[in-house]
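See below for the structure under consideration.
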Amino acid sequence: MLSSPTIAIAPAPLHVLPSTDPPYKLLQSHPSLALLSKCRSTRTLKQIHSQIIKTGLHNTQFALSKLIEFCSISPCSDLAYAVLLFESIEQPNHLIWNTVIRGHSLSDSPALAIDFFVRMIVSGAVPNCYTFPFVLKSCARSGLAPEGRQVHAHILKRGLDSDVFVHSSLISMYAQNGDLEGARLVFDKSSHRDTVSFTTLMTGYALKGYMDDAKKLFDDMPRRDIVSWNAMIAGFTQCGKFDEALETFRKMQRKNVLPNESTIVTVLVACAQSGHIELGKWVHSWIKDQGMGSNLRIVNSLIDMYSKNGDLEKARSMFDAIQEKDVISWNVMIGGYNHMNHHREALELFREMLLQSHVKPNDVTFLNVLPSCACLCALDLGKWIHVYVDKNYKNCTSTSLSTSLMDMYAKCGNIVAAEQVFRSMEHKSLASWNAILSGSAMHGEVERALELFDEMLNEGFEPDEITFVGVLSACSHAGLVEFGRKNFTLMVDEFKITPQLHHYGCMINLLGRAGLFSEAESMIRSMDMEPDEAIWGSLLKACRIHRQVQLGETVAQNLFKLEPSNPGAYILLSNIYAEAGRWDDVARIRTRLNDVGMKKVPGCTSIEVNSVVHEFLVADKAHPQSEQIYKMLAEIDGLLERAGFEPDTTEVLYDIDEEWKEGALSQHSERIAIAFGLISTKPGTTIRIAKNLRVCRNCHSATKLMSKIFNRDIIARDRNRFHHFRHGSCSCKDCW
DNA sequence: CCCGGTCGGT
């Protein structure tokens, strides 16, 4: 029995097929081919293939084209197998050529379809009106505009441009390659413009954001079908014109055009992105009336709409009610948690997906989970995903997935792994450069960040505003005033980027810390926008460092106005007074602080041990191992004292609305997390923690000493940047 | 018997 298909199709010389097939109606209903529609795995595919060989069907072009078609576009596609089949045929007919070109045009590497097209012509086979739509699609999908124009020349030579399918495919190809003039020319020259050609050109305009032109075509077209309406709604949605999108939807209903599944999905996207939750709810009840309430695509879109609008409970209850969840159901729910900063829930649901569902995660799943890993410093889970991706996607990992992995490593404290991923990437996007650049900046690797910036410019990448946030924050972390000024000018003059608050924030921080107050003030005056709390905040910090009492008072007033209930400004100002010996003013601020009833953001530190993320608050006793943790804390205090550590109590004010007690400083959340890390990991292991606020001075000094006493690398992420503690010192060189 | 345009998750 021929159980091995490779043996079956590999023999030389090549398969010579009879020039004509038996009547196709006989073939079409053949039981062996009917089996294909039920085939779900490569194994059964191979069995069916053997069947086809046994019954002699493999001597027909029809059966082979069906097999190739199935291998190349079914859910369990295996393009390599399709090519193997194809190569075994000596003189493929049109159908076979078309099928193999179509298979490649829909694959991950659509450019290969063009290679087959060239081979087809060289072999003397004549492309027909079925061939060109596939070839044009691959020119569009692979972005090969010159090749697209050459194919257009072929079409004209063969007089096939009057075929409606070829005609609309041409418009689509030009439009998707961004050549709207080309698309318009094809459209204008034709005398057989149908609804599809109109809609295709209209979509081309919409894609570029030219909604006025799109609207004009829409109004001018003789007949509109449901796809035309949907395309118009989608066009408005994609360029953020949600009101117009929803208005078009209402108009279509007034004209008694019945929305279909795609319409609903598109409208729900508009509701999700624009926050029109009331309309979303109305659409939901309308869907129920229409009996579409159990359509999985629609339910998935509803979950997305509810979760993006903050109603996670409604979203979750709909998610739980789905009997047969698909990968998108999982992705939207995980993505919803991630979007609303419910990172723990995102990771928990991801675990549940792996353990309790039969749905395999895909790249979008990871794109939704990785930012949550990054936020919680869940490095083990992030690494697991990396290994999984390498194993399951081999060398076809997308640029965005690699970028997301890189970002995760950088934010979890492993900048070396981030750089490794970066170097291994074949295609880098601007986002990839931005991620590695700001990663290096976050880790205080300033020279590296500036090197990377030069490198990306040399490779011809055009930096954007995010790039410059990375560059300028690198300069500000290292106090490189001259570089900061230079790059700020470069950004504005060379790259014509209007500075945003973030950029000014970096500059003010940099100038303030260097004591260049008049330059900082004149920069603030030059801004087109109102300074935000970050800008005043960094200036106030600078006032404290340089003991600028008078300026500090003015700056603090600005902060009080912006954030009346944030205690940070009061604390900084009282520190400034304290350091100037103005105790009356200190007392006055403290009273005010107590009167206003500040909303203090509780300090919270997370640490991952054995793939589980643990979170600790100040003086937290909720952890099951609390008793051991506090024993360890006491031991640490003793060791610190013996090493000559003196608590720096200048920032005790941070605890002003805590019940102040002896030892409060050693109960800051980062200390508890480190103590937990020390008792639950092997000696010598690196400890990684992530804190939601900035590390206080006292904890910073204590942690430096702890890294020496326990001989551990401690990598701490605070709200701003990373601190790598090692052998008693910190990578930030005490300047943060 | 294989052809075109809209549509969800970054």
Side-chain angles (χ1 to χ4, degrees), chain A residues 21 23-25 27-29 33 60-63 65-66 68-69 72-73 93-103 105 128-137 140 160 163-173 175-176 194-204 206-207 221 225-235 237-238 259-270 272-273 295-305 307-308 326-336 338-339 362-371 398-401 403-404 407 431:
Chain A
D21 275 359
Y24 80 87
K25 286 212 164 146
L27 298 170
Q28 208 178 13
S29 54
L33 289 177
T60 65
Q61 304 257 1
F62 181 77
S65 82
K66 279 288 162 214
I68 295 175
E69 179 186 9
S72 54
I73 60 172
N93 66 1
H94 283 126
L95 186 56
I96 305 263
W97 277 113
N98 291 348
T99 309
V100 80
I101 291 174
R102 179 188 180 205
S105 76
N128 62 9
C129 59
Y130 289 96
T131 318
F132 285 107
F134 302 140
V135 179
L136 289 168
K137 192 182 205 75
L160 287 172
D163 179 272
V164 283
F165 290 98
V166 175
H167 180 242
S168 59
S169 299
L170 272 170
I171 298 173
S172 179
M173 181 274 293
Q176 286 183 48
D194 63 359
T195 305
V196 177
S197 323
F198 267 100
T199 310
T200 310
L201 185 60
M202 193 186 92
T203 309
L207 210 67
M221 59 200 284
D225 63 9
I226 181 72
V227 178
S228 325
W229 285 97
N230 291 352
M232 203 61 203
I233 298 172
T237 306
Q238 276 151 17
N260 66 4
E261 183 192 277
S262 302
T263 322
I264 301 302
V265 167
T266 313
V267 169
L268 286 173
V269 172
Q273 295 181 5
N295 176 316
L296 188 57
R297 272 184 68 185
I298 290 180
V299 173
N300 288 341
S301 306
L302 280 166
I303 293 173
D304 190 44
M305 186 274 293
S307 66
K308 292 258 162 66
D326 67 1
V327 65
I328 296 171
S329 318
W330 289 94
N331 290 351
V332 288
M333 196 64 232
I334 293 172
N338 178 50
H339 188 253
N362 64 12
D363 52 344
V364 180
T365 318
F366 302 127
L367 288 170
N368 282 319
V369 178
L370 286 170
S398 69
T399 302
S400 51
L401 182 49
T403 303
S404 190
D407 193 52

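So you know, we letter chains A, B, ... as the sequences are listed, proteins then strands, and number each from 1.
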Can you tell me the distance, in whole Å, between the [atom1] atom of [X] and the [atom2] atom of [N]?
{"X": "N260(A)", "N": "dC7(B)", "atom1": "CG", "atom2": "P", "value": "12 Å"}
{"X": "F198(A)", "N": "dG5(B)", "atom1": "CZ", "atom2": "P", "value": "18 Å"}
{"X": "I233(A)", "N": "dG5(B)", "atom1": "CD1", "atom2": "C1'", "value": "15 Å"}
{"X": "M221(A)", "N": "dG5(B)", "atom1": "CE", "atom2": "C1'", "value": "9 Å"}
{"X": "E261(A)", "N": "dG8(B)", "atom1": "CD", "atom2": "C1'", "value": "9 Å"}
{"X": "N295(A)", "N": "dG8(B)", "atom1": "CG", "atom2": "C1'", "value": "11 Å"}
{"X": "F132(A)", "N": "dC3(B)", "atom1": "CZ", "atom2": "C1'", "value": "12 Å"}
{"X": "D304(A)", "N": "dG9(B)", "atom1": "CG", "atom2": "C1'", "value": "7 Å"}

Is it the case that the side chain of [X] and the backbone of [Y] share a donor-acceptor pair, with hydrogens and angles ignored and the cut-off at 3.5 Å?
{"X": "N368(A)", "Y": "N331(A)", "answer": "yes"}
{"X": "S172(A)", "Y": "S168(A)", "answer": "no"}
{"X": "S404(A)", "Y": "L401(A)", "answer": "no"}

Between atom CG of L95(A) and atom CD of Q61(A), what is the distance when rounded to the nearest 0.5 Å?
-> 7.5 Å
CG/D304(A) to NE2/H339(A) distance, rounded to the nearest 0.5 angstrom?
-> 9.0 Å
Base, sugar-phosphate alone, or nothing: which one does [X] contact when heavy atoms must sit under 4.0 Å apart?
{"X": "F366(A)", "result": "nothing"}
{"X": "S168(A)", "result": "base"}
{"X": "V269(A)", "result": "sugar-phosphate"}
{"X": "V164(A)", "result": "base"}
{"X": "K137(A)", "result": "sugar-phosphate"}
{"X": "Q238(A)", "result": "sugar-phosphate"}
{"X": "N128(A)", "result": "nothing"}
{"X": "N300(A)", "result": "base"}
{"X": "T99(A)", "result": "nothing"}
{"X": "T131(A)", "result": "nothing"}
{"X": "N368(A)", "result": "sugar-phosphate"}
{"X": "T195(A)", "result": "base"}

Answer with yes or no whether D194(A) presents, from its side chain, a donor or acceptor under 3.5 Å of a partner atom in the base of dG4(B).
-> yes
Has the side chain of T199(A) got a donor or acceptor atom sitting under 3.5 Å from an opposite partner on the base of dG5(B)?
-> yes
Which nucleotide in [options] has an atom nearest any side-chain atom of [X]:
{"X": "T266(A)", "options": "dG9(B), dC3(B), dC7(B)", "value": "dC7(B)"}
{"X": "V196(A)", "options": "dC7(B), dT10(B), dG4(B)", "value": "dG4(B)"}
{"X": "N230(A)", "options": "dT10(B), dG5(B), dT6(B)", "value": "dT6(B)"}
{"X": "V332(A)", "options": "dG4(B), dG8(B), dG9(B)", "value": "dG9(B)"}
{"X": "N362(A)", "options": "dC3(B), dC7(B), dG9(B)", "value": "dG9(B)"}
{"X": "A234(A)", "options": "dT10(B), dG5(B), dC7(B)", "value": "dC7(B)"}
{"X": "F62(A)", "options": "dC2(B), dG5(B), dC1(B)", "value": "dC1(B)"}
{"X": "S262(A)", "options": "dG8(B), dC7(B), dG9(B)", "value": "dC7(B)"}
{"X": "R297(A)", "options": "dG5(B), dG8(B), dC2(B)", "value": "dG8(B)"}
{"X": "P133(A)", "options": "dC3(B), dG5(B), dT6(B)", "value": "dC3(B)"}

Near-parallel close stack of Y130(A) and dC2(B) base (under 5.5 Å, under 30°) | yes
Please determine which of T266(A), T263(A), T199(A) meets the side-chain hydrogen bond (donor to acceptor under 3.5 Å, both in side chains) test together with N230(A).
-> T263(A)
Hey, which of N98(A), V166(A), I101(A) is the one that makes side chain to side chain contact (heavy atoms under 4.5 Å, CB included) with P133(A)?
-> V166(A)
Qualifying residue for side chain to side chain contact (heavy atoms under 4.5 Å, CB included) with S169(A), from L136(A), V164(A), V196(A) = L136(A)
Considering just the side-chain nitrogens and oxygens of Q61(A), establish if one lies under 4.0 Å of OP1 or OP2 belonging to dC1(B).
-> no
